[in-house]
Amino acid sequence: MSDKTLISISSALLLASAYIFVSTAPAQAASGCALNLDSADMMKFSVTEISVPKTCKDFTINLKHIGKMPKNIMGHNLVISKEADQAGVIEDGNKAGIAGDYVKAKDARVVAYTKIIGGGEAASTKFAVAKLNTTDKFTFYCSFPGHAFGMKGAVKLV
């Protein structure tokens, strides 16, 4: 192999390694007490862990659907609850339907959630950090039917 080929291969491997590291690293607050998070038509969030600083009074999550499909076909939201409550929140959310953003109205188990969004749309949610604790395990997920299997992650108070 020529030196140019080896340099090209090395550069490609370095870029791929950097991408894997960045895409699998826990999400940190973008501006201390806020986070920008993407979702796509491939039913994945851009992160699998959200770290919420204990020093924040409130925490904001800005969700953007970077895909193209409409919300009635490939809609996404973001719901935060205790891990133990996830199945019940999803079950009750299915009954609420898309008109209720797949979240039961005034569900006390839900720490925060965004509305359902389609391709090119965005939504935000803000919650009091005091709703989290280090005793329970918290999770985030998309409650659109069938999506939580692949669209989920841990929420950690740090």
Side-chain angles (χ1 to χ4, degrees), residues 14-67 71 74-158:
L14 182 60
L15 285 173
S17 297
Y19 174 77
I20 290 168
F21 174 75
V22 169
S23 66
T24 58
Q28 299 296 323
S31 64
C33 298
L35 171 71
N36 296 324
L37 180 67
D38 293 335
S39 62
D41 292 338
M42 299 304 295
M43 295 193 327
K44 294 252 183 222
F45 285 120
S46 57
V47 300
T48 57
E49 185 176 296
I50 298 172
S51 296
V52 179
K54 293 176 189 176
T55 55
C56 297
K57 180 181 177 189
D58 296 310
F59 193 79
T60 301
I61 299 174
N62 303 305
L63 176 66
K64 184 174 182 185
H65 191 317
I66 59 173
K71 68 182 175 182
M74 189 55 68
H76 300 309
N77 67 355
L78 180 133
V79 179
I80 297 174
S81 71
K82 290 180 183 175
E83 191 176 271
D85 292 333
Q86 180 181 342
V89 169
I90 290 171
E91 183 178 329
D92 290 342
N94 282 338
K95 295 172 191 168
I98 196 164
D101 296 310
Y102 293 108
V103 177
K104 177 183 165 185
K106 299 181 183 182
D107 190 334
R109 299 168 297 182
V110 174
V111 172
Y113 74 97
T114 66
K115 68 180 184 173
I116 292 285
I117 57 174
E121 296 179 323
S124 293
T125 186
K126 182 178 184 178
F127 62 93
V129 173
K131 290 183 174 184
L132 303 177
N133 62 60
T134 55
T135 308
D136 296 302
K137 289 184 178 180
F138 288 85
T139 186
F140 71 96
Y141 48 92
C142 175
S143 65
F144 192 97
H147 289 198
F149 177 75
M151 295 184 76
K152 63 183 176 181
V155 177
K156 297 194 177 179
L157 191 59
V158 295

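With sequence neighbours excluded, the residues that form a ring pair (Phe, Tyr, Trp, His ring centres under 6.0 Å) with Y102 are F144. Not a single side-chain hydrogen bond (donor to acceptor under 3.5 Å, both in side chains) links S39 to another residue, sequence neighbours left out. Annotation: ring pair (Phe, Tyr, Trp, His ring centres under 6.0 Å) contacts of F138 (sequence neighbours excluded): none. For the ring pair (Phe, Tyr, Trp, His ring centres under 6.0 Å) test, residues two or more places apart in sequence or in another chain that qualify with F140 are F45. K44 pairs by the side chain to side chain contact (heavy atoms under 4.5 Å, CB included) definition with nothing, not counting sequence neighbours. Looking at residues two or more places apart in sequence or on another chain, you find no salt bridge (charged side-chain N to carboxylate O under 4.0 Å, His left out) involving K54. Shown here are the side chain to side chain contact (heavy atoms under 4.5 Å, CB included) partners of D38, two or more places apart in sequence or in another chain: S46, K64, I66. Under the rule for a salt bridge (charged side-chain N to carboxylate O under 4.0 Å, His left out), K137 has no partner lying at least two apart in sequence or in another chain. The salt bridge (charged side-chain N to carboxylate O under 4.0 Å, His left out) test applied to D136 returns K82, not counting sequence neighbours.
D41 CG to M74 CE: the interatomic distance, rounded to the nearest 0.5 Å, is 6.0 Å. For the atom pair OG of S143 and NZ of K104, the computed distance is 13.5 Å after rounding to the nearest 0.5 Å. The CD1 atom of I61 sits 5.0 Å away from atom CG of L78, with the distance rounded to the nearest 0.5 Å.
Nearest heavy-atom pair, V47 versus L37, reported as atom, atom and distance to 0.1 Å: CG2-CD1, 3.1 Å. Across all their heavy atoms, P53 and G32 have their closest contact at CG-O, 3.4 Å. Listed here is the closest heavy atom pair of S81 and Y141: OG-OH, 2.9 Å.
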Review item, side-chain donor-acceptor pairs of residues 88-100, under 3.5 Å, at least two apart:
residue: D92; atom: OD2; partner: R109; partner atom: NH2; Å: 2.6

Do any side-chain atoms of residues 147-158 form donor-acceptor pairs under 3.5 angstrom with protein atoms, and if so which ones, sequence neighbours left out?
residue: H147; atom: ND1; partner: G75; partner atom: O; Å: 3.4
residue: H147; atom: ND1; partner: H76; partner atom: ND1; Å: 3.2

Show me the donor-acceptor pairs, under 3.5 Å and distance only, between side chains in residues 115-125 and residues at least two apart or in other chains.
residue: E121; atom: OE1; partner: G118; partner atom: N; Å: 2.6
residue: S124; atom: OG; partner: N62; partner atom: OD1; Å: 2.5
residue: T125; atom: OG1; partner: Y113; partner atom: O; Å: 3.2

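Checked by atom type and distance alone, the side chain of D101 never pairs as donor or acceptor with a backbone atom of T114 at under 3.5 Å.
Residues D107 and D85 fail the side-chain proximity criterion, which asks for heavy atoms closer than 4.5 Å.
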